[in-house]
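What follows is a single structure, written as structure tokens, with notes after it.
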Number of protein chains: 2
Amino acid sequence: MKISTGVEWMVHACITLACAPPGTPVRAGRLADFHGLPKAYLTKQLQALVRFGILHSVPGVHGGFSLARPSSEITLMDIVAAVEGRADMFQCTQIRKGGVGATFGTTGTNVPCTVQNEMAKAELAWRKALASRTLAAILDEIAKDAPTVLPVTRKWLENA
Amino acid sequence: MKISTGVEWMVHACITLACAPPGTPVRAGRLADFHGLPKAYLTKQLQALVRFGILHSVPGVHGGFSLARPSSEITLMDIVAAVEGRADMFQCTQIRKGGVGATFGTTGTNVPCTVQNEMAKAELAWRKALASRTLAAILDEIAKDAPTVLPVTRKWLENA
DNA sequence: GTGCGAATACTCGGATACCGCGTGTCCGAGTAAGTGAGG
DNA sequence: CCTCACTTACTCGGACACGCGGTATCCGAGTATTCGCAC
């Protein structure tokens with residue numbers, strides 16, 4: 001049930017990338033330095049976001065990563081889905097179809113598992129909450145709570 | 001992010017236990033047979049629920065497990081918490097406190113992490129959804145969707 | 001016949017191995033910039 | 001002086017080890033039953 005650390009990394013990375021001037025990619029090594037993370041593994045996660053269409057990567061000497069679309073069109077759900085995958089966290093293994101319970105009273109086997117349904121409802125609430133928070137909204141929040149953070153980040157990115 | 005299989009097992013186990021006549025514990029081996037699960041591991045999970053106060057265990061020859069309180073007072077949240085633990089699934093490792101970003105612009109370090117906040121909100125939505133579904137409600141749902149299942153289960157439990 | 005006590009068989013409970021997935025790392029493919037020579 | 005092609009250095013990208021937490025299992029502690037015996 002634990003969310004992998006990659007999600008946290010990627011959210012913060014997206015926040016940082018949102019501070020970069022448009023059209024200027026930031027290379028992975030620089031992002032790693034900024035957050036004090038292992039560059040190689042961070043790159044792996046960034047690639048997942050590229051595959052998902054959230055980030056845009058440009059190869060070559062002055063290459064790097066940049067947001068593939070405006071921060072107002074990137075949600076937390078997108079990032080979580082890219083890193084963790086789209087699979088439901090509660091996967092019904094259909095245990096009611098095995099054991100004595102099944103051979104004894106197989107009647108209900110055709111209807112979808114009620115437990116599965118209830119868990120899915122709860123999970124949907126979570127996903128909707130994540131989908132309702134855009135990266136832009138988070139940036140606003142940060143600008144309100146800690147006004148100096150974003151400008152400082154922007155400045156540091158410019159001093160390539 | 002995947003929820004352990006133990007959760008599914010325990011929800012189904014609780015459903016089965018709710019069918020048992022009050023005051024008559026069901027032993028782990030019988031539950032395992034009913035669902036076709038390994039008895040030893042199932043027992044381990046059941047113990048977790050006992051420790052959490054959801055189930056009541058009685059030792060001895062005619063011992064076993066039974067619900068510790070009415071099914072209307074047991075929620076999916078209780079079961080998930082007992083098996084998976086109460087820890088948040090998104091744990092902020094405070095990466096913004098390490099790396100260049102911290103030494104360069106430590107300003108925001110005192111305010112709680114915005115990312116953490118947003119993820120916590122989404123998680124709360126999930127937890128509330130789980131907490132709003134009681135075991136009794138699920139039993140009702142099953143009785144509606146597959147009316148024969150619960151009586152058949154009840155009957156099987158009586159044929160000790 | 002009845003009460004008591006020890007043996008017993010069955011249960012839960014925690015300590016102990018196994019394994020898959022997330023975590024972390026490495027080296028190769030690809031690209032754009034830089035550089036030098038030639039026209 | 002301009003153009004072009006080669007070299008080069010730097011980037012991303014996927015393939016390769018490691019460690020931890022969930023999965024699965026076993027044997028020991030505890031209790032109600034039950035059988036035998038003494039009264």
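In what follows, chains carry the letters A, B, and so on, assigned in the order in which the sequence lines appear, proteins first and then strands, with residues in each chain numbered from 1. From a predicted model like this one, the values you see are computed outputs, not experimental measurements. Just so you know, these numbers use all the heavy atoms, side chains as well, and skip hydrogens, waters and symmetry mates.
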Legend entry - Minimum-distance nucleotide to A/Gln47 side chain [options: C/dG13, C/dA9, D/dG14]: D/dG14

Legend entry - B/Arg51 side chain near C/dG13 phosphate (N/O to OP1/OP2, under 4.0 Å): no

Inset, instruction - Identify which nucleotide among D/dG14, D/dT33, C/dG22 has an atom closest to any side-chain atom of B/His62, counting heavy atoms from C-beta outward. - result: D/dT33

Inset, instruction - Counting heavy atoms from C-beta on, name the nucleotide in C/dC10, C/dC12, D/dG13 closest to the side chain of A/Thr43. - result: D/dG13

Inset, instruction - Report which part of the nucleic acid A/Gly64 touches: base, sugar-phosphate, or nothing (heavy-atom distance under 4.0 Å, all strands). - result: sugar-phosphate

Inset, instruction - May I ask you to check whether over 12 heavy atoms, not counting those of A/Lys128, lie within 6.0 Å of atom NZ? - result: no

Inset, instruction - When you get a sec, tell me which of D/dT11, C/dA32, C/dC12 is the closest nucleotide to the side chain of B/Phe65? - result: C/dC12

Inset, instruction - Calculate the interatomic distance between A/Leu46 atom CG and D/dG14 atom P; express it in whole Å. - result: 13 Å

Inset, instruction - Give the ring-plane orientation class for B/Trp156 versus B/Phe34, where under 30° counts as parallel, over 60° as perpendicular and anything between as tilted. - result: tilted

Legend entry - Atom-pair distance (CD on A/Glu8; C1' on C/dT23), nearest Å: 15 Å

Inset, instruction - Kindly say if A/Ser57 contacts the phosphate of D/dG13, meaning a side-chain N or O under 4.0 Å from OP1 or OP2. - result: yes

Inset, instruction - Consider the side chain of A/Pro59, meaning its heavy atoms from C-beta on, and name the nucleotide among D/dT33, C/dG24, C/dT31 that approaches it most closely. - result: C/dT31

Inset, instruction - Check the pair A/Glu84 / A/Ser4 against side-chain hydrogen bond (donor to acceptor under 3.5 Å, both in side chains), numbers first and verdict last. - result: CA-CA 7 Å; A/Glu84 297 276 348; A/Ser4 70; 2.8 Å; yes

Inset, instruction - Look at the side chain of B/Tyr41 and decide which nucleotide, out of C/dT23, C/dA33, D/dT23, has an atom nearest to it. - result: D/dT23

Legend entry - Residue A/Lys2, side-chain atoms from C-beta onward, closest of C/dT23, C/dG24, D/dG13: C/dT23

Inset, instruction - Let me know the distance between NZ of B/Lys44 and P of C/dT16, rounded to the nearest Å. - result: 12 Å

Legend entry - Closest to the A/Ala40 side chain, choosing from D/dT25, C/dT25, D/dG13: C/dT25

Inset, instruction - Side chain of A/Val50 only, please: which of D/dG13, C/dT23, D/dC12 is the nearest? - result: D/dG13

